[in-house]
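In what follows, a single structure is set out as structure tokens and then discussed.
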Protein chains: 2
Amino acid sequence: MIPATDTRSRIVTAAKTRFHSRSYANVGIQEICESAGVQKGSFYHFFASKRDLALAVIDEFADDWANGFVAEAFDPALPPLERIDYLIDAAYFWQKSIKEVHGRMLGCIFGNLTLEVSTQDDILRAKLLAIFSAAQSRFKDALDQAVADGTLAPLDTALTAEAMLAYLEGVILLAKSQNDPELLYRLGPAIKTLRIEQASA
Amino acid sequence: MIPATDTRSRIVTAAKTRFHSRSYANVGIQEICESAGVQKGSFYHFFASKRDLALAVIDEFADDWANGFVAEAFDPALPPLERIDYLIDAAYFWQKSIKEVHGRMLGCIFGNLTLEVSTQDDILRAKLLAIFSAAQSRFKDALDQAVADGTLAPLDTALTAEAMLAYLEGVILLAKSQNDPELLYRLGPAIKTLRIEQASA
DNA sequence: GATTTTCTTGACCGAACGGTCATCTACTCA
DNA sequence: TGAGTAGATGACCGTTCGGTCAAGAAAATC
């Protein structure tokens with residue numbers, strides 16, 4: 001079921017790079033339309049509002065990740081703790097390649113959008129929260145398997161997974177403040193030192 | 001040398017709460033002026049641009065922290081590792097009290113602004129970077145003392161300090177996505193599990 | 001072939017954006 | 001008393017903002 005035109009996807013593609021490299025508020029619909037070669041009326045045929053576009057952009061980025069780096073990193077064939085290393089590596093190389101092309105460290109869209117809009121739009125916030133929850137699950141699965149393996153001493157896998165996700169986002173934030181993806185390389189591996197013990201019964 | 005009027009500080013105060021609770025781009029100068037009871041012409045008597053206002057806002061927030069929670073947390077009288085606990089506690093209670101008053105977790109302004117503007121404005125980015133560097137130094141001092149104490153096994157204190165700062169920012173980001181400061185309470189203490197070993201010679 | 005639905009066009013809306021400016025007031029200092 | 005300066009006023013600038021709408025073109029459906 002291929003759509004008759006690719007108008008909608010051209011809009012989303014134009015919006016993705018712009019939201020990622022600047023911010024949600026700083027990119028106007030007019031600019032997106034011009035870049036996609038689309039009239040404004042056409043835009044509002046496909047999207048009810050700017051927020052709706054943002055939701056679509058988030059979905060596409062999530063798909064890119066799930067079908068790209070993340071899928072490779074969380075390959076069940078890999079030893080569970082190596083998957084985490086792999087993910088950090090993937091994030092590092094991705095940010096590095098963006099900087100080489102774009103001249104800037106753009107960071108994580110989900111983090112960027114979260115800090116920008118989550119006090120102003122609960123629908124966007126809920127969407128971003130769902131993305132983070134899914135990411136946390138990936139971490140948790142890896143940790144659970146590592147514990148089952150015996151390669152990792154038992155701990156609170158849910159909380160540790162959340163801590164690891166937080167750490168990754170924080171490292172990307174700091175790297176963006178330095179416009180330098182190398183920080184990911186230096187700080188990233190320490191993610192595996194994070195531990196939250198099980199609450200005693 | 002007290003200024004004749006408090007116009008400038010009224011502007012900064014009005015801007016602080018708004019930038020913190022929404023975003024840089026989403027708050028207009030007109031709104032700030034109205035809230036401060038100031039005319040636009042007067043605003044531009046004190047600030048050359050909106051960016052200049054942002055710089056002043058960042059400075060005031062940094063002062064608030066340095067003279068408030070941070071000063072207490074990094075009290076040299078406290079055992080060094082307890083200072084880190086104290087800081088996490090302070091961040092937690094601060095975010096919690098903001099949510100009680102405001103209904104929202106607003107997060108860390110420095111983190112918020114970093115992700116929003118650092119690809120678009122190198123002057124603001126440099127300012128925020130300086131704030132983070134200062135924070136990192138506080139962590140590093142505490143770690144250095146703990147190592148000197150013997151309460152902490154030797155490690156790379158500079159990198160570990162940076163990792164801790166990243167973790168703190170990341171936890172605040174995730175908490176904001178959940179609009180729930182309690183995440184800081186659950187994840188915060190794990191900051192002390194972070195370790196980056198010295199590179200071997 | 002006729003009708004309905006999908007998509008596109010481009011003008012248009014009021015409001016807000018960051019920023020400028022000439023003018024006026026009030027205070028300082030000589 | 002007079003000159004200079006710091007501060008305040010409010011109208012004004014061009015531009016962009018997110019969003020609407022009536023009309024037409026194209027495609028799918030019957």
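The structure presented is a predicted model; accordingly, all values stated were derived computationally and were not measured.
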Residue whose nearest DNA chain D nucleotide is more 5′ - A:Ser49 or B:Phe46: B:Phe46
Integer-rounded Å distance: D:dC17 P and B:Glu31 CD: 19 Å
B:His45 side-chain N/O to D:dG7 phosphate OP1/OP2 under 4.0 Å: yes
Main-chain N/O of A:Ser133 paired to A:Ser137 side chain as donor or acceptor, under 3.5 Å: yes
Give me the distances for all protein-to-nucleotides 11-16 of chain C N/O pairs that come in under 3.5 Å?
none

Under 4.0 angstrom between A:Tyr44 side-chain N/O and D:dG19 OP1 or OP2: yes
Between A:Tyr24 and B:Glu116: side-chain donor-acceptor atoms closer than 3.5 Å: no
Of B:Arg51 and A:Val38, the one whose closest DNA chain C nucleotide lies more 5': A:Val38
B:Asn67 (side chain) donor-acceptor with B:Asp63 (main chain) under 3.5 angstrom: yes
Check: B:Gly107 main-chain N/O paired with B:His20 side-chain donor or acceptor under 3.5 Å: yes
Backbone N/O of B:Ser21 and side chain of A:Thr119: donor-acceptor pair under 3.5 Å: yes
Donor-acceptor contact present, side-chain B:Arg22 to main-chain B:Val27, <3.5 Å: no
Touch class at under 4.0 angstrom, heavy-atom based, for A:Phe43 against every strand present: nothing
d(CG, A:Asn26; P, D:dC17) in whole Å: 9 Å
Whether A:Lys140 side chain and A:Ala161 backbone form a donor-acceptor pair below 3.5 Å: no
Rounded distance in Å - CG (A:Asp6) to C1' (C:dT6): 15 Å
Inter-end axis angle, the helix from C:dG1-D:dC30 to C:dA30-D:dT1, with every axis fitted to five base pairs (rounded, 10 degrees): 10°
Which nucleotide in D:dG19, D:dA8, C:dT9 has an atom nearest any side-chain atom of A:Ser42: C:dT9
Presence of B:Thr7 side-chain N/O under 4.0 Å of D:dA8 phosphate oxygens OP1/OP2: yes
Ring centre gap for A:Trp94 and A:His102 strictly below 6.0 Å: no
Sequence-distant partners of B:His45, side-chain contact (heavy atoms from CB on, under 4.5 Å), two or more places apart: none
